[in-house]
*Asks:* 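Before anything else, here's the structure in question.
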Amino acid sequence: MSGIRPGVVVALCVLLGAGARAEDATSDAVTRPATKTNRWAEDWSGLADPAKRTQPFDDLKYIPLFAADPKSYLSLGLTLRERFESNRTPAFGIGGPRGDAYLLQRLQIHLDARLNKNWQIFAQIEDVRAPGKRVITSVDENILDLRLAFLSYSRTAEAGTFKARVGRQDFAFDLQRFVSSRDGPNVRQSFDALWADWESGPWRVLGFVSQPVQYRFNEPFDDISTRAFTFSTLRVERKVFGDQELSAYWGLYERDGARFLDATGNESRHVLDIRYAGSAGGFDWDLEAMGQFGHVGRDDIAAWAVGSRVGYTLADLPWQPRLGLQGDAASGDRRRDDGALGTFNPLFPNGYYFTLAGYTSYANLLHLKPSLTVHPAAGLAVSAALGLQWRQTTSDAIYVQPSNPVSGTAGRGHLWSGAYGQLRADYVFAPGLTGAVEAVRFAAGNTIRQAGGKDGTYLGVELRYAW
């Protein structure tokens with residue numbers, strides 16, 4: 001099965017996007033849902049009325065199953081993402097591939113079967129490729145495989161709403177600092193899991209047991225999950241002071257054959273996380289802290305991380321500028337061969353949280369990032385940011401995404417790692433059709449240079465269509 005040519009993809013997106021712009025906004029404003037990153041969360045029952053099916057192929061978005069029940073239907077969908085990337089020095093050019101320019105292509109097709117208002121069966125297959133990329137890894141390609149396949153049940157009563165899912169699924173917490181569906185790389189993260197949650201008033205309690213999917217890209221339908229890698233969580237959320245969010249969770253992350261600079265063996269890592277987020281009077285904030293303990297082989301774990309994003313939006317000014325400040329810190333291992341591992345494990349991080357360039361990882365890190373975001377036109381957001389990076393300890397390495405140590409930096413050099421500038425623009429061409437451009441320039445500090453590294457330069461251009 002060969003990859004789809006970029007020219008064909010672009011033409012298809014423009015054609016379908018033009019059709020989307022031609023819709024009657026008045027008739028569809030209430031009933032037509034916005035497409036979502038998690039396609040299984042969309043509800044197309046509003047198209048039960050044939051008069052509402054105003055766009056091309058709407059008859060495939062809502063195929064009735066039982067005439068007496070408008071909540072009973074089949075829905076087909078497609079997600080297509082094309083991204084060109086140029087990365088001059090991956091991992092600062094140390095011990096890895098040379099600079100590269102390539103295409104990242106992700107095609108996903110899904111079937112959503114709503115048997116009634118309570119039961120849902122969802123399945124999605126994908127073909128993910130990286131034409132022209134010199135070094136292919138499991139986050140770059142997944143040739144024709146099953147991405148999602150689960151059975152879901154939900155029921156609302158006077159006391160609250162109960163939901164459960166079983167099968168291959170994805171989930172993400174909050175800003176996806178540590179638990180994400182990994183939308184930044186080409187291959188998203190899925191979990192073979194049993195999930196349940198209960199919502200009542202301001203409270204929500206959820207839990208799951210899972211085996212994260214491990215991706216193999218040699219043959220179709222060869223992805224696996226095993227008991228050698230598991231992740232389980234119990235989480236409590238509550239709305240406070242109106243719509244502000246307070247949450248906490250415990251998780252157990254277990255992996256056989258883990259390897260760190262100062263420890264190897266089976267990893268059993270307990271995580272305790274607390275988060276507070278909200279907005280008021282033009283301000284917005286998202287604060288999170290996580291502690292980790294357990295063991296890797298014979299070494300005990302004692303690690304931590306904190307993250308914050310705060311901002312203020314000048315809503316009365318042209319372009320509605322938002323002034324932002326991001327601060328992050330994560331522990332490193334302070335002493336080798338002492339029977340204790342201090343390196344923080346970022347679990348399932350989202351590359352979008354820092355930049356798509358991959359030069360920054362949530363391990364042994366101190367990070368400060370002021371930013372400015374403006375909206376010069378409808379559907380357009382432009383942001384500029386300056387990131388400053390240090391290590392939490394010079395005894396541990398400098399790390400790049402997802403959590404890979406840069407060779408020759410552990411126990412050497414200074415705390416300062418470097419600084420980067422980031423420019424990004426996001427534009428909504430039409431419902432379901434979006435584009436983005438991101439550029440990053442990382443000025444490497446002396447520790448990276450003395451290890452043989454160079455400055456990093458990244459450019460990404462993306463077009464995404466969801467139908």
*Asks:* Has the side chain of Asp197 got a donor or acceptor atom that lies under 3.5 Å from a matching backbone atom of Val205?
*Replies:* no

*Asks:* How many angstroms lie between atom OG1 of Thr230 and atom CZ of Arg255, to the nearest 0.5 angstrom?
*Replies:* 11.0 Å

*Asks:* Can you tell me how far apart CD (Glu254) and CG (Leu252) are? Round to the nearest 0.5 Å.
*Replies:* 4.0 Å

*Asks:* Check for a donor-acceptor pair, side chain of Asn186 on one end and backbone N or O of Arg129 on the other, with a separation under 3.5 Å.
*Replies:* yes

*Asks:* Going by the rule salt bridge (charged side-chain N to carboxylate O under 4.0 Å, His left out), which residues pair with Glu245 if we only count those two or more places apart in sequence or in a different chain?
*Replies:* Lys239, Arg275

*Asks:* Do you know the tightest heavy-atom contact between Trp40 and Leu148?
*Replies:* CD1-CD1, 4.0 Å

*Asks:* With distance as the sole criterion, is a donor-acceptor pair present between the side chains of Ser225 and Gln211 under 3.5 Å?
*Replies:* yes

*Asks:* Distance to the ring centre below 6.0 angstrom and angle to the axis at most 45 degrees; does that hold for Lys52 and Trp44?
*Replies:* no

*Asks:* Any Lys/Arg nitrogen of Lys117 or Asp69 sitting under 4.0 Å from an Asp/Glu carboxylate oxygen of the other?
*Replies:* no

*Asks:* Partners of Trp390 by ring pair (Phe, Tyr, Trp, His ring centres under 6.0 Å), sequence neighbours excluded?
*Replies:* Trp416

*Asks:* Could you tell me which residues satisfy salt bridge (charged side-chain N to carboxylate O under 4.0 Å, His left out) with Arg39, sequence neighbours excluded, listed by chain and number?
*Replies:* Glu42

*Asks:* Under the criterion side chain to side chain contact (heavy atoms under 4.5 Å, CB included), I'd like the reasoning laid out for Tyr73 against Ser45: C-alpha separation, chi angles, the key distance, then a yes or no.
*Replies:* CA-CA 7 Å; Tyr73 64 93; Ser45 61; 3.8 Å; yes

*Asks:* Under a 4.0 Å N-O cut-off, is there an ion pair linking Arg309 with Asp174?
*Replies:* no

*Asks:* One thing to verify: whether Arg147 and Asp145 come together as a salt bridge, which I'm taking to mean a side-chain N less than 4.0 angstrom from a carboxylate O.
*Replies:* no

*Asks:* Quick one, Leu47 and Gln55 - any side-chain contact, counting heavy atoms below 4.5 Å?
*Replies:* no

*Asks:* Mind listing the closest non-hydrogen atom pair of Leu144 and Asp127 along with its distance?
*Replies:* N-OD1, 2.9 Å

*Asks:* How close do Arg235 and Ser247 get, counting heavy atoms only, and between which atoms?
*Replies:* NH2-OG, 3.4 Å

*Asks:* Consider ring pair (Phe, Tyr, Trp, His ring centres under 6.0 Å). Of Phe348, Trp250, Phe178, which one does Phe231 pass it with?
*Replies:* Phe348

*Asks:* Are Tyr102 and Phe84 close enough, and set up right, to give a ring-ring contact (aromatic ring centres under 6.0 Å, His included), and what steps lead you there?
*Replies:* CA-CA 6 Å; Tyr102 46 86; Phe84 168 80; 7.6 Å; no

*Asks:* Hey, could you give me the CG/OG distance between Asp243 and Ser279, rounded to the nearest 0.5 Å?
*Replies:* 8.0 Å

*Asks:* Less than 4.5 Å apart, any side-chain heavy atom of Leu60 and any of Trp467?
*Replies:* yes

*Asks:* Any donor and acceptor pair, going by atom type alone, linking the side chain of Ser72 with main-chain N or O of Asn116 inside 3.5 Å?
*Replies:* no

*Asks:* Checking side-chain polar atoms at under 3.5 Å, does Tyr359 have a donor or acceptor matched by the opposite partner on Asn87?
*Replies:* yes

*Asks:* Among all residues two or more places apart in sequence or in another chain, which pass the ring pair (Phe, Tyr, Trp, His ring centres under 6.0 Å) test with Phe173?
*Replies:* Tyr249

*Asks:* The criterion is salt bridge (charged side-chain N to carboxylate O under 4.0 Å, His left out); which residues satisfy it with Lys163, sequence neighbours excluded?
*Replies:* Glu199

*Asks:* Can you list the steps and then say if Tyr353 with Leu175 is a side chain to side chain contact (heavy atoms under 4.5 Å, CB included)?
*Replies:* CA-CA 8 Å; Tyr353 182 72; Leu175 291 184; 4.3 Å; yes

*Asks:* Decide yes or no on side chain to side chain contact (heavy atoms under 4.5 Å, CB included) for Lys369 and Gln422, but give the supporting numbers first.
*Replies:* CA-CA 10 Å; Lys369 183 179 181 180; Gln422 177 190 26; 2.7 Å; yes

*Asks:* Between Arg155 and Asn118, is there a donor-acceptor pair closer than 3.5 Å when you use the side chain of the first and the backbone of the second?
*Replies:* no

*Asks:* Check the orientation of Tyr420 and His367. Use parallel for under 30°, tilted for 30 to 60°, and perpendicular for over 60°.
*Replies:* parallel

*Asks:* Can you find a pair of side-chain heavy atoms, one from Ser371 and one from Gln326, that are under 4.5 Å apart?
*Replies:* no

*Asks:* Taking side chain to side chain contact (heavy atoms under 4.5 Å, CB included) as the criterion, tell me which of Thr343, Thr360, Thr409, Val406 meets it with Tyr399.
*Replies:* Thr343

*Asks:* Is the shortest side-chain heavy-atom distance between Pro349 and Gln401 below 4.5 Å?
*Replies:* yes

*Asks:* How many angstroms lie between OH in Tyr465 and CG in Leu80, if you round to the nearest 0.5 Å?
*Replies:* 10.0 Å

*Asks:* Roughly how far, to the nearest 0.5 Å, is CD of Glu85 from CG of Leu103?
*Replies:* 9.5 Å

*Asks:* Ignoring hydrogens and angles, state whether a donor on the side chain of Glu438 or Tyr458 is under 3.5 Å from an acceptor on the partner side chain.
*Replies:* no

*Asks:* Indicate yes or no: does Arg177 engage Asp273 in a salt bridge with an N to O separation below 4.0 Å.
*Replies:* no

*Asks:* Check for a donor-acceptor pair, side chain of Asp58 on one end and backbone N or O of Thr54 on the other, with a separation under 3.5 Å.
*Replies:* yes

*Asks:* Is a side-chain donor-acceptor pair under 3.5 Å present for Arg441 with Thr457?
*Replies:* yes

*Asks:* Is there a donor-acceptor pair under 3.5 Å between the side chain of Arg53 and the backbone N or O of Ala48?
*Replies:* yes

*Asks:* Is there a donor in the side chain of Gln176 and an acceptor in the side chain of Asp183, or the other way round, less than 3.5 Å apart?
*Replies:* no

*Asks:* Give the minimum heavy-atom separation between Ser210 and Ser232, together with the two atoms involved.
*Replies:* N-OG, 4.2 Å

*Asks:* Do Ser190 and Tyr215 have side-chain atoms, one donor and one acceptor, less than 3.5 Å apart?
*Replies:* yes

*Asks:* Considering all heavy atoms of both residues, which atom of Arg269 and which atom of Ala303 are nearest to each other, and what is their separation?
*Replies:* NH1-CB, 4.1 Å

*Asks:* Under a 3.5 Å threshold, yes or no: a donor from one side chain and an acceptor from the other, between Asp112 and Gln120?
*Replies:* yes

*Asks:* Just so I know, are the side chains of Gln389 and Ile398 near enough to count as touching, which here means a heavy-atom distance under 4.5 Å?
*Replies:* no

*Asks:* Of all the heavy-atom pairs spanning Gly332 and Asn364, show the shortest one and how long it is.
*Replies:* CA-OD1, 3.5 Å

*Asks:* List the residues meeting ring pair (Phe, Tyr, Trp, His ring centres under 6.0 Å) with Phe162, not counting sequence neighbours, and say none if there are none.
*Replies:* none

*Asks:* State whether the side chain of Asp455 and the backbone N or O of Ala444 hold a donor-acceptor pair below 3.5 Å, judged by distance alone.
*Replies:* yes

*Asks:* Side-chain contact, heavy-atom cut-off 4.5 Å: Leu463 with Leu433?
*Replies:* yes

*Asks:* Would you call Arg188 and Thr37 a side-chain contact if the rule is heavy atoms closer than 4.5 Å?
*Replies:* yes

*Asks:* Show your working on side chain to side chain contact (heavy atoms under 4.5 Å, CB included) between Leu459 and Val437 and close with a plain yes or no.
*Replies:* CA-CA 8 Å; Leu459 174 66; Val437 179; 4.3 Å; yes

*Asks:* Among side-chain atoms of Ser383 and Arg424, is any donor-acceptor pair under 3.5 angstrom?
*Replies:* no

*Asks:* How long is the gap from CD1 on Ile121 to CG on Leu115, to the nearest 0.5 Å?
*Replies:* 4.5 Å

*Asks:* Between Thr313 and Thr373, is there a side-chain heavy-atom distance shorter than 4.5 Å?
*Replies:* no

